[in-house]
Visitor: 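The structure's right below; bear with me while I get my questions together.
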Amino acid sequence: MDMRPGHFQIEATDGAARAGALHTGHGAVPTPIFMPVGTVGSVKALAPDDLQALNARIILGNTYHLYLRPGDELIARRGGLHRFAAWDRPILTDSGGYQAFSLSGLRKISEEGVLFRSHLDGSKHLFTPEKVLSIQRRLGSDIMMVLDECVPYGTDHAYTAESIKLTTRWALRSREAFPAELTRGGEAYNLLFAITQGGFFKDLRRASVEELAPLDFDGFAIGGLSVGEPKAEMYELLAHTAPLLPADKPRYLMGVGTPLDIMTGIANGVDMFDCVLPTRNARNGTLYTSLGKINIKRREFAEDDGPLDPACSCYCCRTFSRAYLRHLYVSQELLSFRLNSLHNLTYFLDLMTRARQSILAGSFNAMYTTIKALYPGEAA
RNA sequence: GCGGACGUAGCUCAGUUGGCAGAGCACCUGGUUGUGGCCCAGGGGGUCGGGAGUUCAAGACUCCUCGUUCGCC
(Lines give C-alpha, C1' and ligand atoms only; values in the text may rest on other atoms or scores of the structure.)
Protein backbone atom coordinates (compact mmCIF):
# COMPACT_ATOMS: atom_id res chain seq x y z
CA MET A 1 0.00 0.00 0.00
CA ASP A 2 1.21 3.46 -0.92
CA MET A 3 1.67 5.36 2.35
CA ARG A 4 3.46 8.37 0.92
CA PRO A 5 2.02 11.68 2.03
CA GLY A 6 -0.33 13.03 -0.56
CA HIS A 7 -1.51 9.62 -1.66
CA PHE A 8 -5.27 9.20 -1.54
CA GLN A 9 -6.57 5.72 -1.51
CA ILE A 10 -10.22 4.93 -2.16
CA GLU A 11 -11.22 1.77 -0.35
CA ALA A 12 -14.86 1.52 -1.27
CA THR A 13 -17.66 3.37 -3.00
CA ASP A 14 -21.40 3.24 -2.42
CA GLY A 15 -23.20 5.19 -5.11
CA ALA A 16 -21.24 8.42 -5.35
CA ALA A 17 -20.12 8.13 -1.72
CA ARG A 18 -16.51 7.15 -1.11
CA ALA A 19 -14.57 5.68 1.83
CA GLY A 20 -10.84 6.13 1.71
CA ALA A 21 -7.64 7.27 3.37
CA LEU A 22 -5.54 10.35 2.81
CA HIS A 23 -1.90 9.99 3.77
CA THR A 24 -0.14 12.95 5.35
CA GLY A 25 3.15 13.68 7.06
CA HIS A 26 1.42 12.98 10.38
CA GLY A 27 -0.32 9.77 9.44
CA ALA A 28 -3.37 8.70 7.52
CA VAL A 29 -6.78 10.32 7.72
CA PRO A 30 -9.75 8.01 7.13
CA THR A 31 -12.42 9.53 4.93
CA PRO A 32 -15.08 10.75 4.91
CA ILE A 33 -13.77 12.93 7.70
CA PHE A 34 -14.97 15.84 9.78
CA MET A 35 -12.25 18.26 10.87
CA PRO A 36 -12.88 20.24 14.07
CA VAL A 37 -11.90 23.88 13.73
CA GLY A 38 -9.12 25.22 15.94
CA THR A 39 -8.64 28.65 14.43
CA VAL A 40 -5.90 29.92 16.70
CA GLY A 41 -4.29 26.57 17.33
CA SER A 42 -6.89 25.40 19.80
CA VAL A 43 -10.24 23.73 19.38
CA LYS A 44 -12.05 26.06 21.73
CA ALA A 45 -12.67 24.66 25.22
CA LEU A 46 -10.87 21.38 24.51
CA ALA A 47 -7.38 20.01 25.09
CA PRO A 48 -5.53 17.72 22.70
CA ASP A 49 -6.13 14.70 24.93
CA ASP A 50 -9.87 15.42 24.75
CA LEU A 51 -9.64 15.43 20.97
CA GLN A 52 -7.68 12.19 21.01
CA ALA A 53 -10.35 10.64 23.22
CA LEU A 54 -13.01 11.81 20.76
CA ASN A 55 -10.94 10.21 18.02
CA ALA A 56 -10.48 13.45 16.11
CA ARG A 57 -8.05 12.60 13.32
CA ILE A 58 -7.25 16.03 11.95
CA ILE A 59 -7.95 19.60 13.01
CA LEU A 60 -7.91 23.00 11.35
CA GLY A 61 -5.85 26.06 12.01
CA ASN A 62 -6.11 29.47 10.39
CA THR A 63 -3.32 31.28 8.58
CA TYR A 64 -4.74 34.74 9.10
CA HIS A 65 -5.30 34.35 12.83
CA LEU A 66 -2.05 32.59 13.63
CA TYR A 67 -0.01 35.00 11.53
CA LEU A 68 -1.44 37.94 13.46
CA ARG A 69 -1.09 36.26 16.82
CA PRO A 70 1.24 34.86 18.01
CA GLY A 71 2.96 35.02 14.59
CA ASP A 72 4.06 32.23 12.26
CA GLU A 73 7.74 32.91 12.89
CA LEU A 74 7.29 32.62 16.63
CA ILE A 75 5.51 29.30 16.10
CA ALA A 76 8.27 28.13 13.73
CA ARG A 77 10.86 28.91 16.42
CA ARG A 78 8.88 26.66 18.79
CA GLY A 79 9.14 23.81 16.31
CA GLY A 80 5.92 24.37 14.37
CA LEU A 81 2.25 24.27 15.22
CA HIS A 82 2.14 20.55 16.04
CA ARG A 83 4.74 20.85 18.76
CA PHE A 84 3.54 24.30 19.89
CA ALA A 85 -0.02 23.04 20.39
CA ALA A 86 0.95 19.51 21.45
CA TRP A 87 -1.04 17.93 18.65
CA ASP A 88 0.73 15.18 16.73
CA ARG A 89 -1.99 14.30 14.27
CA PRO A 90 -2.53 16.09 10.96
CA ILE A 91 -3.38 19.79 10.74
CA LEU A 92 -5.03 21.51 7.81
CA THR A 93 -4.60 25.25 7.60
CA ASP A 94 -7.00 27.56 5.88
CA SER A 95 -5.40 30.26 3.76
CA GLY A 96 -7.17 33.33 5.06
CA GLY A 97 -9.23 33.62 1.89
CA TYR A 98 -12.41 33.15 3.86
CA GLN A 99 -11.44 35.94 6.24
CA ALA A 100 -11.38 38.26 3.23
CA PHE A 101 -15.06 37.37 2.98
CA SER A 102 -16.06 37.15 6.64
CA LEU A 103 -14.11 40.25 7.69
CA SER A 104 -14.95 42.10 4.51
CA GLY A 105 -15.12 45.47 6.19
CA LEU A 106 -11.39 45.21 6.80
CA ARG A 107 -9.96 44.19 3.43
CA LYS A 108 -9.21 45.19 -0.16
CA ILE A 109 -8.69 42.67 -2.96
CA SER A 110 -6.29 43.30 -5.86
CA GLU A 111 -4.41 41.22 -8.41
CA GLU A 112 -1.51 41.05 -6.02
CA GLY A 113 -3.51 39.65 -3.12
CA VAL A 114 -5.70 40.65 -0.19
CA LEU A 115 -4.95 43.70 1.91
CA PHE A 116 -6.25 43.09 5.42
CA ARG A 117 -6.70 45.43 8.29
CA SER A 118 -6.08 43.45 11.44
CA HIS A 119 -9.15 42.89 13.58
CA LEU A 120 -6.81 42.98 16.58
CA ASP A 121 -5.01 46.29 16.22
CA GLY A 122 -5.98 47.78 12.84
CA SER A 123 -2.55 47.28 11.27
CA LYS A 124 -2.43 46.54 7.53
CA HIS A 125 -1.12 43.28 6.06
CA LEU A 126 -0.93 42.19 2.45
CA PHE A 127 -1.69 38.49 1.97
CA THR A 128 -0.44 37.22 -1.37
CA PRO A 129 -0.81 33.64 -2.60
CA GLU A 130 2.92 33.17 -2.00
CA LYS A 131 2.87 34.72 1.45
CA VAL A 132 0.01 32.65 2.82
CA LEU A 133 1.84 29.50 1.75
CA SER A 134 5.08 30.68 3.37
CA ILE A 135 3.12 31.17 6.55
CA GLN A 136 1.48 27.76 6.30
CA ARG A 137 4.84 26.05 5.68
CA ARG A 138 6.30 27.81 8.70
CA LEU A 139 3.38 26.56 10.76
CA GLY A 140 4.17 23.07 9.55
CA SER A 141 0.74 22.50 8.04
CA ASP A 142 0.03 19.02 6.67
CA ILE A 143 -2.55 20.32 4.24
CA MET A 144 -2.18 23.87 2.99
CA MET A 145 -4.94 25.76 1.22
CA VAL A 146 -4.32 28.23 -1.57
CA LEU A 147 -5.51 31.82 -1.29
CA ASP A 148 -8.87 32.23 -2.99
CA GLU A 149 -11.62 34.78 -3.35
CA CYS A 150 -14.93 33.76 -1.81
CA VAL A 151 -17.72 35.96 -3.19
CA PRO A 152 -20.84 36.72 -1.18
CA TYR A 153 -24.23 35.29 -2.06
CA GLY A 154 -25.89 37.57 -4.58
CA THR A 155 -22.69 38.47 -6.46
CA ASP A 156 -23.52 38.85 -10.15
CA HIS A 157 -22.28 36.68 -13.00
CA ALA A 158 -19.89 39.26 -14.38
CA TYR A 159 -18.04 39.82 -11.11
CA THR A 160 -18.01 36.11 -10.30
CA ALA A 161 -16.60 35.27 -13.74
CA GLU A 162 -13.68 37.65 -13.15
CA SER A 163 -13.31 36.34 -9.62
CA ILE A 164 -12.80 32.71 -10.59
CA LYS A 165 -10.11 33.78 -13.05
CA LEU A 166 -8.35 35.63 -10.26
CA THR A 167 -8.64 32.58 -8.02
CA THR A 168 -7.14 30.47 -10.80
CA ARG A 169 -4.25 32.90 -11.33
CA TRP A 170 -3.61 32.84 -7.59
CA ALA A 171 -3.66 29.02 -7.65
CA LEU A 172 -1.11 29.00 -10.48
CA ARG A 173 1.13 31.40 -8.58
CA SER A 174 0.76 29.19 -5.50
CA ARG A 175 1.85 26.04 -7.31
CA GLU A 176 4.72 27.85 -9.04
CA ALA A 177 6.04 29.33 -5.81
CA PHE A 178 5.73 26.03 -3.99
CA PRO A 179 6.12 23.27 -6.58
CA ALA A 180 5.30 19.73 -5.61
CA GLU A 181 8.94 18.72 -5.36
CA LEU A 182 9.37 21.40 -2.70
CA THR A 183 6.25 20.82 -0.63
CA ARG A 184 6.41 17.05 -0.91
CA GLY A 185 10.03 16.72 0.08
CA GLY A 186 12.42 17.42 2.90
CA GLU A 187 11.43 17.63 6.51
CA ALA A 188 8.22 19.48 5.94
CA TYR A 189 5.76 17.61 3.88
CA ASN A 190 2.92 19.91 3.01
CA LEU A 191 0.09 18.84 0.78
CA LEU A 192 -1.47 21.65 -1.22
CA PHE A 193 -5.16 21.88 -2.04
CA ALA A 194 -6.78 24.16 -4.60
CA ILE A 195 -10.15 25.81 -4.00
CA THR A 196 -12.79 25.96 -6.69
CA GLN A 197 -15.26 28.81 -6.67
CA GLY A 198 -17.96 30.08 -9.02
CA GLY A 199 -20.59 31.58 -6.79
CA PHE A 200 -24.07 30.37 -7.67
CA PHE A 201 -23.60 29.92 -11.40
CA LYS A 202 -23.27 26.38 -12.71
CA ASP A 203 -21.26 27.41 -15.76
CA LEU A 204 -18.77 29.24 -13.57
CA ARG A 205 -18.57 26.37 -11.10
CA ARG A 206 -17.71 24.10 -14.02
CA ALA A 207 -15.23 26.59 -15.47
CA SER A 208 -13.45 26.97 -12.14
CA VAL A 209 -13.07 23.21 -11.76
CA GLU A 210 -11.90 22.81 -15.37
CA GLU A 211 -9.23 25.46 -14.89
CA LEU A 212 -7.93 24.02 -11.63
CA ALA A 213 -8.37 20.26 -12.03
CA PRO A 214 -5.50 19.76 -14.52
CA LEU A 215 -3.05 21.43 -12.14
CA ASP A 216 -0.92 19.38 -9.81
CA PHE A 217 -2.74 19.72 -6.52
CA ASP A 218 -3.15 17.09 -3.81
CA GLY A 219 -6.82 17.76 -3.35
CA PHE A 220 -9.63 20.02 -4.47
CA ALA A 221 -12.01 22.02 -2.36
CA ILE A 222 -15.42 23.48 -3.05
CA GLY A 223 -15.42 26.95 -1.58
CA GLY A 224 -18.02 29.64 -1.44
CA LEU A 225 -21.00 27.56 -0.39
CA SER A 226 -22.99 28.13 2.77
CA VAL A 227 -22.56 31.88 2.59
CA GLY A 228 -26.18 32.78 3.24
CA GLU A 229 -27.93 31.15 0.28
CA PRO A 230 -31.13 29.11 0.57
CA LYS A 231 -30.39 25.50 1.39
CA ALA A 232 -31.94 24.19 -1.79
CA GLU A 233 -29.59 26.31 -3.83
CA MET A 234 -26.57 25.10 -1.90
CA TYR A 235 -27.55 21.47 -2.43
CA GLU A 236 -28.11 22.07 -6.12
CA LEU A 237 -24.68 23.64 -6.58
CA LEU A 238 -23.09 20.93 -4.46
CA ALA A 239 -24.64 18.16 -6.54
CA HIS A 240 -23.55 19.97 -9.70
CA THR A 241 -19.96 20.65 -8.64
CA ALA A 242 -18.78 17.67 -6.59
CA PRO A 243 -18.89 15.15 -9.47
CA LEU A 244 -16.79 17.51 -11.62
CA LEU A 245 -13.83 17.33 -9.22
CA PRO A 246 -11.07 14.83 -10.02
CA ALA A 247 -12.22 11.42 -8.80
CA ASP A 248 -8.80 10.24 -7.69
CA LYS A 249 -8.12 13.18 -5.36
CA PRO A 250 -9.70 14.09 -2.04
CA ARG A 251 -12.66 16.43 -2.29
CA TYR A 252 -13.17 18.97 0.46
CA LEU A 253 -16.37 20.96 1.06
CA MET A 254 -15.19 23.97 2.99
CA GLY A 255 -17.03 25.30 6.01
CA VAL A 256 -19.89 22.82 5.82
CA GLY A 257 -21.96 22.13 7.72
CA THR A 258 -24.93 20.70 9.56
CA PRO A 259 -25.18 16.92 9.97
CA LEU A 260 -27.59 16.82 7.02
CA ASP A 261 -25.31 19.05 4.91
CA ILE A 262 -22.40 16.75 5.57
CA MET A 263 -24.35 13.62 4.74
CA THR A 264 -25.54 15.28 1.56
CA GLY A 265 -21.93 16.12 0.74
CA ILE A 266 -20.89 12.51 1.26
CA ALA A 267 -23.78 11.36 -0.91
CA ASN A 268 -22.37 13.57 -3.66
CA GLY A 269 -18.83 12.20 -3.32
CA VAL A 270 -17.21 14.67 -0.92
CA ASP A 271 -14.52 13.32 1.41
CA MET A 272 -13.65 16.11 3.81
CA PHE A 273 -15.58 18.66 5.85
CA ASP A 274 -14.90 21.30 8.43
CA CYS A 275 -17.29 23.54 10.27
CA VAL A 276 -17.43 25.68 13.38
CA LEU A 277 -21.01 24.62 13.95
CA PRO A 278 -20.49 21.84 16.52
CA THR A 279 -18.11 23.91 18.62
CA ARG A 280 -19.70 27.33 18.21
CA ASN A 281 -23.19 26.00 18.75
CA ALA A 282 -21.93 24.08 21.76
CA ARG A 283 -20.89 27.38 23.30
CA ASN A 284 -24.27 28.85 22.36
CA GLY A 285 -26.33 26.05 23.81
CA THR A 286 -27.41 24.23 20.65
CA LEU A 287 -26.61 20.54 20.87
CA TYR A 288 -26.85 17.80 18.26
CA THR A 289 -28.27 14.49 19.40
CA SER A 290 -29.73 11.25 18.13
CA LEU A 291 -33.09 12.94 18.77
CA GLY A 292 -32.24 15.95 16.65
CA LYS A 293 -31.18 19.44 17.63
CA ILE A 294 -31.67 20.37 21.26
CA ASN A 295 -31.50 23.86 22.69
CA ILE A 296 -30.24 23.22 26.20
CA LYS A 297 -31.11 26.74 27.34
CA ARG A 298 -34.83 25.98 27.08
CA ARG A 299 -36.74 26.24 30.33
CA GLU A 300 -38.27 22.80 29.83
CA PHE A 301 -34.90 21.24 30.69
CA ALA A 302 -34.57 23.02 34.04
CA GLU A 303 -35.64 19.93 35.98
CA ASP A 304 -34.92 17.26 33.40
CA ASP A 305 -32.79 14.63 35.13
CA GLY A 306 -32.23 12.54 32.02
CA PRO A 307 -29.06 12.49 29.92
CA LEU A 308 -28.64 14.93 27.05
CA ASP A 309 -28.66 12.13 24.50
CA PRO A 310 -29.67 8.67 25.76
CA ALA A 311 -27.97 7.10 22.75
CA CYS A 312 -24.64 8.87 23.27
CA SER A 313 -21.76 7.39 25.25
CA CYS A 314 -19.66 10.53 25.62
CA TYR A 315 -18.47 11.68 29.04
CA CYS A 316 -21.04 14.47 29.07
CA CYS A 317 -24.00 12.18 28.38
CA ARG A 318 -22.73 9.42 30.68
CA THR A 319 -22.26 11.76 33.62
CA PHE A 320 -24.55 14.78 33.66
CA SER A 321 -28.25 15.57 33.49
CA ARG A 322 -29.93 17.99 31.13
CA ALA A 323 -30.89 20.04 34.19
CA TYR A 324 -27.23 20.43 35.16
CA LEU A 325 -26.15 21.20 31.60
CA ARG A 326 -28.84 23.88 31.40
CA HIS A 327 -27.71 25.34 34.69
CA LEU A 328 -24.09 25.44 33.51
CA TYR A 329 -25.15 27.13 30.28
CA VAL A 330 -27.38 29.71 31.94
CA SER A 331 -24.58 30.44 34.41
CA GLN A 332 -22.11 30.69 31.51
CA GLU A 333 -19.75 28.37 33.33
CA LEU A 334 -16.57 27.38 31.51
CA LEU A 335 -17.52 23.77 32.09
CA SER A 336 -20.59 24.36 29.91
CA PHE A 337 -18.38 25.20 26.94
CA ARG A 338 -16.26 22.15 27.56
CA LEU A 339 -19.00 19.57 28.09
CA ASN A 340 -21.15 20.88 25.24
CA SER A 341 -18.16 20.92 22.89
CA LEU A 342 -17.20 17.40 23.91
CA HIS A 343 -20.69 16.22 23.16
CA ASN A 344 -21.22 18.00 19.85
CA LEU A 345 -17.89 16.87 18.48
CA THR A 346 -18.62 13.35 19.63
CA TYR A 347 -21.84 13.52 17.67
CA PHE A 348 -20.21 14.85 14.49
CA LEU A 349 -17.25 12.49 14.63
CA ASP A 350 -19.45 9.48 15.38
CA LEU A 351 -21.66 10.47 12.47
CA MET A 352 -18.61 10.32 10.19
CA THR A 353 -17.49 6.99 11.57
CA ARG A 354 -20.95 5.58 10.96
CA ALA A 355 -21.06 7.07 7.48
CA ARG A 356 -17.70 5.50 6.63
CA GLN A 357 -18.80 2.14 7.97
CA SER A 358 -22.03 2.29 6.06
CA ILE A 359 -20.17 3.04 2.82
CA LEU A 360 -17.87 0.08 3.45
CA ALA A 361 -20.97 -2.04 4.13
CA GLY A 362 -22.86 -0.71 1.12
CA SER A 363 -25.65 0.70 3.26
CA PHE A 364 -24.93 4.40 3.07
CA ASN A 365 -28.26 5.28 1.54
CA ALA A 366 -30.20 3.82 4.43
CA MET A 367 -28.19 5.86 6.88
CA TYR A 368 -28.60 9.00 4.79
CA THR A 369 -32.36 8.45 4.87
CA THR A 370 -32.42 8.24 8.67
CA ILE A 371 -30.42 11.46 9.00
CA LYS A 372 -32.80 13.21 6.60
CA ALA A 373 -35.71 12.11 8.77
CA LEU A 374 -33.93 13.43 11.87
CA TYR A 375 -33.63 16.95 10.48
CA PRO A 376 -36.89 17.65 8.70
CA GLY A 377 -37.25 21.17 7.42
CA GLU A 378 -33.55 21.37 6.70
CA ALA A 379 -33.89 19.22 3.62
CA ALA A 380 -34.08 20.96 0.29
C1' G B 1 -40.78 64.93 66.16
C1' C B 2 -39.22 68.48 61.97
C1' G B 3 -37.29 69.10 56.99
C1' G B 4 -35.56 67.20 52.24
C1' A B 5 -34.97 63.45 48.43
C1' C B 6 -36.87 59.16 46.22
C1' G B 7 -41.11 55.27 45.11
C1' U B 8 -42.37 53.69 37.02
C1' A B 9 -41.16 46.05 34.09
C1' G B 10 -37.61 40.81 37.79
C1' C B 11 -33.06 44.63 38.38
C1' U B 12 -30.98 49.66 37.33
C1' C B 13 -33.35 53.73 35.67
C1' A B 14 -35.43 57.41 31.55
C1' G B 15 -40.10 59.76 30.79
C1' U B 16 -39.90 67.05 27.49
C1' U B 17 -44.64 72.95 28.39
C1' G B 18 -50.04 67.35 31.04
C1' G B 19 -51.32 64.06 24.98
C1' C B 20 -50.97 55.98 22.99
C1' A B 21 -45.82 53.84 29.40
C1' G B 22 -40.07 53.36 27.48
C1' A B 23 -34.60 51.79 27.49
C1' G B 24 -30.53 48.72 29.09
C1' C B 25 -29.86 44.30 31.57
C1' A B 26 -32.52 39.89 33.01
C1' C B 27 -36.26 36.34 31.30
C1' C B 28 -38.74 33.39 27.10
C1' U B 29 -38.40 31.49 21.77
C1' G B 30 -35.70 31.05 17.12
C1' G B 31 -31.17 31.59 14.36
C1' U B 32 -25.74 30.77 14.07
C1' U B 33 -21.90 26.75 8.30
C1' G B 34 -13.16 27.66 5.68
C1' U B 35 -14.91 30.81 14.69
C1' G B 36 -13.76 37.95 17.36
C1' G B 37 -16.56 33.14 23.95
C1' C B 38 -19.83 36.88 19.55
C1' C B 39 -23.80 38.55 17.07
C1' C B 40 -28.80 38.71 14.92
C1' A B 41 -34.28 38.23 14.96
C1' G B 42 -38.76 37.82 17.57
C1' G B 43 -41.53 37.63 22.30
C1' G B 44 -43.70 37.92 27.39
C1' G B 45 -43.86 41.20 31.09
C1' G B 46 -46.81 47.60 34.34
C1' U B 47 -53.24 49.03 39.29
C1' C B 48 -46.47 54.31 37.23
C1' G B 49 -46.57 52.73 46.11
C1' G B 50 -52.09 53.71 47.61
C1' G B 51 -56.34 57.16 47.75
C1' A B 52 -58.81 61.67 46.53
C1' G B 53 -58.87 66.12 43.51
C1' U B 54 -57.99 69.57 39.07
C1' U B 55 -58.50 68.59 33.65
C1' C B 56 -61.37 66.74 27.47
C1' A B 57 -56.85 64.14 29.00
C1' A B 58 -52.47 62.87 34.98
C1' G B 59 -46.58 58.73 35.57
C1' A B 60 -46.21 64.21 35.53
C1' C B 61 -50.08 69.28 38.73
C1' U B 62 -52.71 69.75 44.07
C1' C B 63 -53.99 67.39 48.79
C1' C B 64 -53.94 63.13 52.04
C1' U B 65 -51.56 58.63 53.07
C1' C B 66 -47.89 54.42 53.14
C1' G B 67 -42.81 53.03 52.36
C1' U B 68 -37.41 53.83 51.64
C1' U B 69 -33.51 57.06 52.63
C1' C B 70 -30.66 61.38 54.23
C1' G B 71 -30.15 65.51 57.45
C1' C B 72 -31.53 68.09 61.92
C1' C B 73 -33.59 68.04 66.90
Side-chain angles (χ1 to χ4, degrees), chain A residues 34-46 58-66 68-69 91-103 105-106 116-122 132 136 141 143-151 153 167 193-197 219 221-231 234-235 238 252-262 264-265 270 272-288 293-302 326 329-338 340-341 344-345 348 375 377-378:
Chain A
F34 179 81
M35 307 181 281
V37 179
T39 304
V40 301
S42 148
V43 175
K44 294 183 191 296
L46 300 180
I58 173 171
I59 62 173
L60 252 71
N62 188 284
T63 299
Y64 167 81
H65 294 272
L66 289 167
L68 287 180
R69 187 171 61 191
I91 295 174
L92 181 149
T93 47
D94 189 19
S95 62
Y98 187 76
Q99 276 59 45
F101 163 73
S102 65
L103 305 173
L106 307 167
F116 281 99
R117 191 176 287 278
S118 163
H119 66 282
L120 298 174
D121 64 6
V132 299
Q136 291 178 81
S141 171
I143 302 176
M144 308 188 293
M145 302 304 299
V146 298
L147 189 67
D148 64 328
E149 184 186 15
C150 176
V151 301
Y153 180 62
T167 290
F193 279 28
I195 305 174
T196 68
Q197 290 285 348
I222 300 171
L225 290 186
S226 209
V227 291
E229 72 280 12
K231 187 135 286 196
M234 175 191 155
Y235 285 179
L238 168 62
Y252 168 24
L253 179 55
M254 302 188 77
V256 171
T258 67
L260 182 59
D261 294 343
I262 291 170
T264 302
V270 176
M272 304 167 66
F273 304 85
D274 79 279
C275 193
V276 303
L277 218 50
T279 43
R280 176 186 284 163
N281 278 0
R283 297 192 304 280
N284 293 329
T286 299
L287 304 173
Y288 293 88
K293 226 159 71 162
I294 284 184
N295 199 334
I296 198 61
K297 57 191 129 180
R298 290 172 62 100
R299 160 150 272 162
E300 65 175 284
F301 301 126
R326 177 178 192 271
Y329 177 79
V330 170
S331 306
Q332 287 292 286
E333 279 296 309
L334 296 180
L335 185 56
S336 174
F337 296 135
R338 175 170 151 72
N340 291 350
S341 298
N344 269 356
L345 280 182
F348 273 64
Y375 299 98
E378 271 193 53

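Values in this document were obtained by computation on a predicted structure and should not be read as measured data. Lettering of chains follows the sequences in order, A, B, ..., and the numbering in each one begins at 1.
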Visitor: For A/Arg280, enumerate each residue passing the salt bridge (Lys or Arg N to Asp or Glu O under 4.0 Å) test, keeping only those at least two apart in sequence or located in another chain.
Guide: none
Visitor: Side chain of A/Ser95: nearest nucleotide among B/G31, B/C38, B/G34?
Guide: B/G34
Visitor: Where do N or O atoms of nucleotides 24-29 of chain B meet protein N or O atoms at under 3.5 Å, pair by pair?
Guide:
unit_1, atom_1, unit_2, atom_2, d
B/C28, OP1, A/Arg326, NH2, 2.4
B/U29, OP1, A/Arg299, N, 3.1
B/U29, O3', A/Arg298, NH1, 2.9

Visitor: Please pick, from B/U33, B/U35, B/U32, the nucleotide with the shortest atom-to-atom distance to any side-chain atom of A/Thr286.
Guide: B/U32
Visitor: Please convert RNA chain B into dot-bracket. A pair counts if it is Watson-Crick or G-U wobble with both distances under 3.5 Å; crossing pairs go in [ ] and bases paired with another strand get |.
Guide: (((((((..((((.....[..)))).(((((.......))))).....(((((..]....)))))))))))).
Visitor: Consider the side chain of A/Thr258, meaning its heavy atoms from C-beta on, and name the nucleotide among B/G31, B/U33, B/G34 that approaches it most closely.
Guide: B/U33
Visitor: Given B/U35, B/G36, B/G34, identify the nucleotide with an atom nearest to the side chain of A/His65.
Guide: B/G36
Visitor: Could you pull out all residues at least two apart from A/Phe348 that satisfy ring pair (Phe, Tyr, Trp, His ring centres under 6.0 Å)?
Guide: A/Phe34, A/Tyr288
Visitor: Just jot down the ring pair (Phe, Tyr, Trp, His ring centres under 6.0 Å) partners of A/Phe301, sequence neighbours excluded, or say none.
Guide: none
Visitor: Please determine, for the side chain of A/Arg283, which listed nucleotide (B/U35, B/G36, B/U32) has the closest atom?
Guide: B/U35
Visitor: Nearest to the side chain of A/Leu103 - B/G36, B/U32, B/U33?
Guide: B/G36
Visitor: Could you pull out all residues at least two apart from A/Asp274 that satisfy salt bridge (Lys or Arg N to Asp or Glu O under 4.0 Å)?
Guide: none
